Peer 1: 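Pasting a structure here, questions to come.
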Amino acid sequence: SMIVLAAALAAANPTPQAAIAAYGEAIARNDPAMLAQAFQPSAIMYCTRDGAIRATYQAQWKTRMRTETPAAGPNSTKIDWLDQGADTALARVAAVRGDKTFTDYLLLARIGDSWRVIGKLCQADARDIPASRAAVSAVIDTKLASDRAWDTDLLAASIDQRALVMTVEDGELVAATLAEWQARYVDRRTTSPGNAVIETSRVIDARGDIGVARWSFRARDGSEWTDRALMMRTPAGWRMMALVFVKEPAVALSGRGSR
């Protein structure tokens with residue numbers, strides 16, 4: 001029945017690895033339904049090539065699968081690096097598509113009982129560049145500075161205009177725009193000078209013009225939070241393309257990354 005099918009889909013990905021495997025299978029089979037199992041519907045894929053960024057939302061990607069012939073030749077999707085918490089995760093994936101090898105960065109969240117990809121970056125032949133890691137780190141510094149002063153300009157200097165800022169609340173994904181968060185910072189300035197956050201950990205991974213980061217911090221009220229984000233070099237500079245934050249202490253984290 002439809003109820004049974006819905007329940008099966010809801011629990012389809014018990015781990016981040018299962019969601020990534022579903023993504024790889026969707027590409028191998030050119031299957032929009034399998035892609036829907038792997039990706040949350042609001043996820044956007046940003047790919048960069050020679051400084052030009054192409055954004056693809058889910059309906060576009062599924063249409064492309066139905067109407068275009070996939071690349072001939074080898075096809076594989078392999079996790080090279082994973083950083084996972086209780087409800088969110090980051091992964092670097094080597095994606096071989098015909099004669100090209102892409103670096104994929106995936107942002108994932110556990111929604112209900114199932115892990116889903118909530119954002120993706122990709123670049124072909126992306127190399128490990130120390131300057132890219134430094135640029136990602138600088139974006140985190142800008143974001144934390146915006147939090148400490150409820151500064152809307154600094155917030156816009158760290159988050160892309162198209163990006164979604166997300167959290168997981170009671171098993172549901174909650175998303176808002178940059179403009180919404182700027183409005184919230186204006187509201188917060190009326191009652192507070194800023195959130196004097198204390199950073200407790202930072203992990204960065206970057207290749208070429210794309211990267212990811214996870215940073216944890218203690219808020220002024222003593223609560224502990226972890227942010228995970230996809231970052232990309234844009235014409236305006238490096239920016240977060242997707243960000244998810246959850247109430248989660250640094251001790252709950254696992255992963256292999258570079259500070």
Side-chain angles (χ1 to χ4, degrees), residues 40 42-44 46 55 83 85-90 105 107-109 111 118-119 121 132-204 206 210-253 259:
Q40 200 274 342
S42 57
I44 296 177
Y46 297 96
D83 179 84
D87 291 304
T88 64
L90 291 165
Y105 280 117
L107 179 63
L108 303 101
I111 305 166
I118 58 173
L121 305 178
S132 295
R133 290 198 299 274
V136 168
S137 191
V139 173
I140 301 172
D141 292 340
T142 302
K143 173 63 168 66
L144 290 172
S146 77
D147 295 338
R148 290 176 179 129
W150 300 136
D151 189 311
T152 56
D153 291 336
L154 288 176
L155 191 67
S158 61
I159 299 175
D160 187 77
Q161 288 188 342
R162 192 169 177 174
L164 287 177
V165 179
M166 298 167 277
T167 190
V168 179
E169 193 172 295
D170 298 326
E172 293 192 77
L173 187 71
V174 183
T177 60
L178 169 62
E180 170 61 21
W181 274 101
Q182 288 178 306
R184 294 183 191 187
Y185 276 31
V186 171
D187 286 344
R188 291 174 184 185
R189 276 206 304 264
T190 64
T191 58
S192 154
N195 190 0
V197 299
I198 299 169
E199 187 179 0
T200 55
S201 70
R202 181 181 298 196
V203 169
I204 291 166
I210 57 177
V212 292
R214 177 256 289 165
W215 63 102
S216 298
F217 58 90
R218 188 172 300 111
R220 189 178 51 184
D221 64 4
S223 58
E224 296 195 59
W225 298 81
T226 293
D227 288 15
R228 285 181 167 86
L230 303 177
M231 302 201 198
M232 175 177 264
R233 186 200 301 270
T234 77
W238 281 79
R239 294 288 188 275
M240 299 184 204
M241 307 307 291
L243 167 67
V244 62
F245 63 94
V246 287
K247 200 168 187 177
E248 179 177 282
V251 292
L253 303 167
R259 183 178 168 86

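Values reported hereafter were calculated over all heavy atoms of this structure, with side chains retained and with hydrogens, waters and symmetry mates removed. Every value quoted in this text rests on a predicted model; they were computed, and no experiment measured them.
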Peer 1: Please report the interatomic distance CD1(Ile204) to CZ(Arg133), rounded to the nearest 0.5 Å.
Peer 2: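 One finds 8.5 Å between CD1 of Ile204 and CZ of Arg133.
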Peer 1: Judged by atom type as modelled, is there a donor-acceptor pair below 3.5 Å linking the side chain of Tyr105 to the main-chain atoms of Ala206?
Peer 2: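 Yes.
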Peer 1: Would you say that Tyr46 contacts Leu230 through its side chain, given a criterion of any heavy-atom pair below 4.5 Å between the two side chains?
Peer 2: no
Peer 1: Looking only at atom types and distance, does a side-chain atom of Thr167 sit under 3.5 Å from a main-chain N or O of Phe245, one as donor and one as acceptor?
Peer 2: yes
Peer 1: Would the number of heavy atoms belonging to other residues, nucleotides or ligands and lying under 6.0 Å from CD of Gln161 be above 12?
Peer 2: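 No, the 6.0 Å shell around CD holds no more than 12 heavy atoms from other groups.
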Peer 1: Measuring only between side-chain heavy atoms, which start at C-beta, is Tyr185 closer than 4.5 Å to Asp147?
Peer 2: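 Yes - at least one pair of side-chain heavy atoms lies under 4.5 Å apart.
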Peer 1: Taking the side chain as everything from C-beta on, heavy atoms only, tell me whether Asp160 gets closer than 4.5 Å to Met232.
Peer 2: no
Peer 1: Show your reasoning for whether side chain to side chain contact (heavy atoms under 4.5 Å, CB included) applies to Met241 and Leu107.
Peer 2: CA-CA 10 Å; Met241 307 307 291; Leu107 179 63; over 6 Å; no
Peer 1: Which heavy-atom pair separates Ala55 from Ile44 by the least distance, and what is that distance?
Peer 2: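 In this case the closest contact between Ala55 and Ile44 is CB-CG2, 4.2 Å.
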Peer 1: Do Ile118 and Ile111 have side chains that get closer than 4.5 Å, going by heavy atoms?
Peer 2: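 Yes, their side chains come closer than 4.5 Å.
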Peer 1: So do the side chains of Ile159 and Lys143 get within less than 4.5 Å of each other, counting heavy atoms only?
Peer 2: yes
Peer 1: Could you check whether any side-chain heavy atom of Val174 comes within less than 4.5 Å of a side-chain heavy atom of Val168, counting everything from C-beta outward?
Peer 2: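 Side chain of Val174 against side chain of Val168, heavy atoms only: no contact under 4.5 Å found.
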Peer 1: So, taking the atom named OG1 in Thr88 and the one named CG in Leu173, what distance separates them when rounded to the nearest 0.5 Å?
Peer 2: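 So the gap between those two atoms works out to 11.0 Å.
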Peer 1: Go through the side-chain N and O atoms of Ser137 and Arg202 and say whether any donor and acceptor fall under 3.5 Å apart.
Peer 2: yes
Peer 1: Do Thr234 and Arg239 have a side chain donor and acceptor closer than 3.5 Å?
Peer 2: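 There is no such pair (donor and acceptor under 3.5 Å, judged by atom type) between the side chains of Thr234 and Arg239.
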Peer 1: Is Arg148 reaching over with its side chain to a backbone N or O of Val197, donor-acceptor style, under 3.5 angstrom?
Peer 2: yes
Peer 1: Please report the shortest heavy-atom distance between Ala213 and Val136, naming the atom on each side.
Peer 2: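 The pair with the smallest heavy-atom distance is CB-CG1, 3.8 Å.
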Peer 1: Given the rule in the side chain to side chain contact (heavy atoms under 4.5 Å, CB included) test, do Val203 and Leu90 qualify, once you have shown the distances and angles that lead to the verdict?
Peer 2: CA-CA 11 Å; Val203 169; Leu90 291 165; over 6 Å; no
Peer 1: State, to 0.1 Å, how close Gly85 and Arg228 come at their nearest heavy-atom pair, and which atoms those are.
Peer 2: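 Shortest heavy-atom separation between Gly85 and Arg228 comes out as N-NH2, 3.3 Å.
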Peer 1: Which atoms form the tightest heavy-atom contact between Asp151 and Asp153, and what is the distance?
Peer 2: OD1-N, 2.9 Å
Peer 1: Looking only at heavy atoms, what is the nearest atom pair of Gly194 and Arg220, with distance?
Peer 2: O-NH1, 3.0 Å
Peer 1: Would you call Thr177 and Val165 a side-chain contact if the rule is heavy atoms closer than 4.5 Å?
Peer 2: no
Peer 1: Which distance, rounded to the nearest 0.5 Å, do you find between the OG of Ser201 and the CH2 of Trp215?
Peer 2: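 One finds 11.0 Å between OG of Ser201 and CH2 of Trp215.
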Peer 1: Report yes if some heavy atom in the side chain of Thr152 is under 4.5 Å from a heavy atom in the side chain of Arg189; otherwise report no.
Peer 2: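 Heavy-atom side-chain distance check passes, below 4.5 Å.
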Peer 1: Please round to the nearest 0.5 Å and tell me the distance separating atom CG of Leu144 and atom CD1 of Ile198.
Peer 2: 11.5 Å
Peer 1: Taking CG in Asp170 as the centre, count heavy atoms belonging to other residues, nucleotides or ligands within less than 6.0 Å. Is the count above 12?
Peer 2: no
Peer 1: Salt-bridged, Arg214 to Glu248, with N to O below 4.0 Å?
Peer 2: no
Peer 1: Could you check Val139, Thr142, Ile210 and say which one makes a side chain to side chain contact (heavy atoms under 4.5 Å, CB included) with Trp238?
Peer 2: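 Only one of Val139, Thr142, Ile210 forms a side chain to side chain contact (heavy atoms under 4.5 Å, CB included) with Trp238, namely Val139.
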